[in-house]
Number of protein chains: 2
Amino acid sequence: MGGKRVWRMELGLRMKPELDASDERPTLKTIAYLTGLGVTTVSRALKNGPEIGEETKERVRQIAKQVGYRPNRAGVRLRTGKTNVISLILNTEEGSMGLVSEMVYGITEVLAETPYHLVITPYSLSDPMEPVRYIVETRSADGVIISRTEPKDPRVSYLLDHNLPFATHGRTDMGVIHPWHDYDNESYAYNAVKLLAERGRRRIALSGPPPHLLYARHTARGFERAMRDMKLDVFPLSAMNLDAPAEAIRRDGREIGLSADRPDGIVVSSAMSALALVGGLEEAGLKIGRDIDIVTKQSTSFIGWYKPEILTIREDFRTAGRDLAKSVLAWIDGADPATLQHLAAPDVRD
Amino acid sequence: MGGKRVWRMELGLRMKPELDASDERPTLKTIAYLTGLGVTTVSRALKNGPEIGEETKERVRQIAKQVGYRPNRAGVRLRTGKTNVISLILNTEEGSMGLVSEMVYGITEVLAETPYHLVITPYSLSDPMEPVRYIVETRSADGVIISRTEPKDPRVSYLLDHNLPFATHGRTDMGVIHPWHDYDNESYAYNAVKLLAERGRRRIALSGPPPHLLYARHTARGFERAMRDMKLDVFPLSAMNLDAPAEAIRRDGREIGLSADRPDGIVVSSAMSALALVGGLEEAGLKIGRDIDIVTKQSTSFIGWYKPEILTIREDFRTAGRDLAKSVLAWIDGADPATLQHLAAPDVRD
DNA sequence: ATTCGCCTCTGTAACGTTACAGTTTTAGTG
DNA sequence: CACTAAAACTGTAACGTTACAGAGGCGAAT
């Protein structure tokens with residue numbers, strides 16, 4: 001074997017007599033030259049292909065490591081069509097503080113251990129299909145992550161039609177199967193009510209998400225089930241609308257606080273709204289935790305720092321990001337999308 | 001000219017007799033076939049090269065648009081080395097809510113009108129150089145945006161050494177020239193003090209950023225200048241440390257609130273800390289706006305919704321993102337980096 | 001001895017683009 | 001009329017990778 005190796009080396013030298021400029025980025029050719037093997041062999045060896053001898057593979061791997069070889073993404077992509085890119089499609093008009101960065105962190109955390117890069121693709125509400133079409137037409141990603149999923153989401157059908165793996169943050173209601181990650185808002189609402197009941201609250205209101213989104217339904221279901229189970233009085237909040245600007249919510253809070261006939265507990269679906277609501281309630285002279293209790297979801301723990309009187313249940317967007325990334329990768333690798341659906345149980349402590 | 005066109009078409013047909021599968025993605029070859037021109041000519045025409053006739057260019061452009069031609073990024077990248085990628089290097093441990101997403105939005109807003117994509121490259125505090133080295137070694141981006149800039153930032157020297165255009169969020173103190181965008185913290189602190197002075201506050205404290213960061217110095221300078229100009233009493237906050245966890249800041253706030261000898265105004269450098277501080281002060285029974293005034297920076301306007309008593313001065317991270325993106329692109333296009341340094345004046349209204 | 005199949009390695013071509021070095025055509029010059 | 005120059009176009013090669021179709025060598029079966 002030693003003899004064979006030497007012979008190959010000489011052959012290599014004869015065949016590729018160019019100087020290898022050592023400051024250039026190494027390619028397969030560099031390794032081929034160094035080992036005296038063919039470029040193809042090196043390529044197969046680094047992929048651990050079955051037709052390459054174990055000894056050769058080891059030698060190639062060693063040299064590759066020595067010279068710091070990194071495959072050229074453009075080369076791979078041009079030849080195979082594989083981009084090694086996951087695209088996160090983001091709406092740039094939403095200002096849901098913290099949500100996005102946490103999700104991005106979760107995604108990068110998973111991708112860091114793979115050859116995948118994360119590309120951020122923005123869209124405006126005026127044309128949500130634009131980035132999806134762009135990615136499909138230019139084949140610029142192997143997989144896509146979608147946020148702000150709608151119950152009937154045209155992006156989902158489009159991606160399914162074009163066989164591009166994806167995962168959605170939030171479920172859909174279209175009778176099709178695809179990977180998703182969703183926070184269990186039914187469980188959240190149920191537990192929120194339970195928390196209030198444990199504090200002796202009996203007249204409880206729900207300030208839910210915008211009703212056209214699917215998770216508004218989940219939230220309402222959990223809320224109503226809990227109210228029935230615990231035999232509490234639903235306090236209807238007609239005016240309340242989480243889509244409304246914070247000023248309006250604050251105003252609502254003040255009105256509620258001033259009315260003689262008011263709830264003694266409110267379940268809120270977003271930390272931002274909870275803050276605005278509490279602002280209004282306090283302006284009306286109420287003391288949170290004494291006169292009324294508020295439960296809200298929170299993604300970062302800042303409410304706990306600031307106002308421990310507000311009851312919180314955690315929603316972890318980093319985990320969501322990790323989950324979504326793992327699901328897309330799994331789908332790309334051929335997993336059954338039906339197995340890539342995750343409902344995240346809310347963490348009731350804190 | 002009509003005759004010429006027909007002849008070319010025939011030539012084209014003779015030379016490339018393959019069927020053009022119309023569902024395939026169009027390439028230069030497709031357009032060459034359709035126009036009867038050579039691939040090279042089409043390439044030059046679409047780049048508006050000088051050696052192509054105006055009439056031909058127009059025809060090529062038209063057909064290109066008709067078939068929906070989009071240059072293949074991998075092809076360009078492989079041939080030219082141009083990636084059309086800007087990399088945003090992010091620390092995934094920081095939880096500075098809202099900051100990151102707003103910056104990302106600003107960047108994508110600028111890149112949307114260019115062929116550039118935004119890639120998020122994460123790093124952990126244990127090895128801040130890793131992503132920078134990766135990008136340089138694999139030549140995987142044409143430009144880089146750095147956040148959390150340190151006064152002596154090794155990433156800056158490394159990127160300068162390797163001729164990779166970049167821009168930093170925050171200035172450095174290394175005696176080298178590079179593009180940056182920085183919030184004018186000196187001006188912020190000055191205006192914050194002025195705001196307090198206008199409300200009759202006289203014993204003013206500063207709760208500044210972690211002292212090892214450069215903008216701590218800027219903040220302190222603005223604060224001290226304002227205090228001198230307005231002949232106010234500096235109230236030293238020995239215990240205060242914005243690096244501390246929010247719980248500690250909250251505790252500090254309570255202590256300050258309970259002490260007989262306390263400031264009547266505090267300038268705070270981060271909205272998060274301001275909230276924790278206010279939480280503590282209120283716990284001690286103080287009423288913001290009556291017993292004490294707080295000024296803080298805010299990036300989203302949520303404090304205004306929640307607690308209008310807290311005085312705020314806006315810091316706009318979306319603009320920062322836009323600025324940083326524009327600067328990197330300009331540097332890539334050969335602009336003088338010395339002209340790409342922007343100090344963002346704080347917006348005192350709101 | 002021949003054939004067969006297996007194992008391990010090989011070169012060629014192609015992905016889409018552009019730099020480069022021509023080539024043809026037309027118009028202008030002496 | 002030859003000659004040159006400019007204008008407008010051309011093909012070839014290369015970027016780094018991998019699919020594909022071999023090609024040697026060698027042991028086993030015939």
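Worth saying up front: this structure is predicted, and the values here are computed from it rather than measured. Every chain is numbered from 1 and lettered A, B, ... according to where its sequence line falls, protein lines coming before strand lines.
Among the atoms of the strands shown, base atoms are found under 4.0 Å from some heavy atom of B:Leu28. If you check every strand for non-hydrogen atoms under 4.0 Å, A:Thr80 touches sugar and phosphate atoms only. Among the heavy atoms of the strands lying under 4.0 Å from A:Thr27 are primed sugar atoms or P, OP1, OP2 only; no base atom is included.
Checking A:His178 against A:Thr172 by side-chain atom types alone, a donor-acceptor pair falls below 3.5 Å.
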Listing time: all N or O pairs from protein to nucleotides 21-27 of chain D that are below 3.5 Å?
none

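The NZ-P distance, from A:Lys82 to C:dA14, rounds to 25 Å in whole Å. For the pair A:Arg139 CZ and C:dC15 P, the interatomic distance rounds to 14 Å; values are reported in whole Å.
Contact check of residues 68-77 of chain B against DNA chain C (heavy atom, cut-off under 4.0 Å) returns B:Tyr69, B:Pro71, B:Asn72, B:Gly75, B:Val76.
Between A:Arg139 and B:Glu24 no salt bridge is recorded (no basic side-chain N to carboxylate O distance below 4.0 Å).
Closest to the B:Lys29 side chain, of the nucleotides C:dC15, C:dT18, D:dC15, is C:dC15. The side chain of B:Arg79 lies closest to C:dT18 when the candidates are C:dC9, D:dT18, C:dT18.
For B:Arg155 and B:Tyr123, the positive end sits near the middle of the six-membered ring, less than 6.0 Å away and at most 45° from its axis.
In this structure the side chain of A:Thr27 never reaches within 4.5 angstrom of the side chain of A:Arg25, judged on heavy atoms.
Partners of A:His342 under the ring pair (Phe, Tyr, Trp, His ring centres under 6.0 Å) rule, at least two apart in sequence or in another chain, do not exist in this structure.
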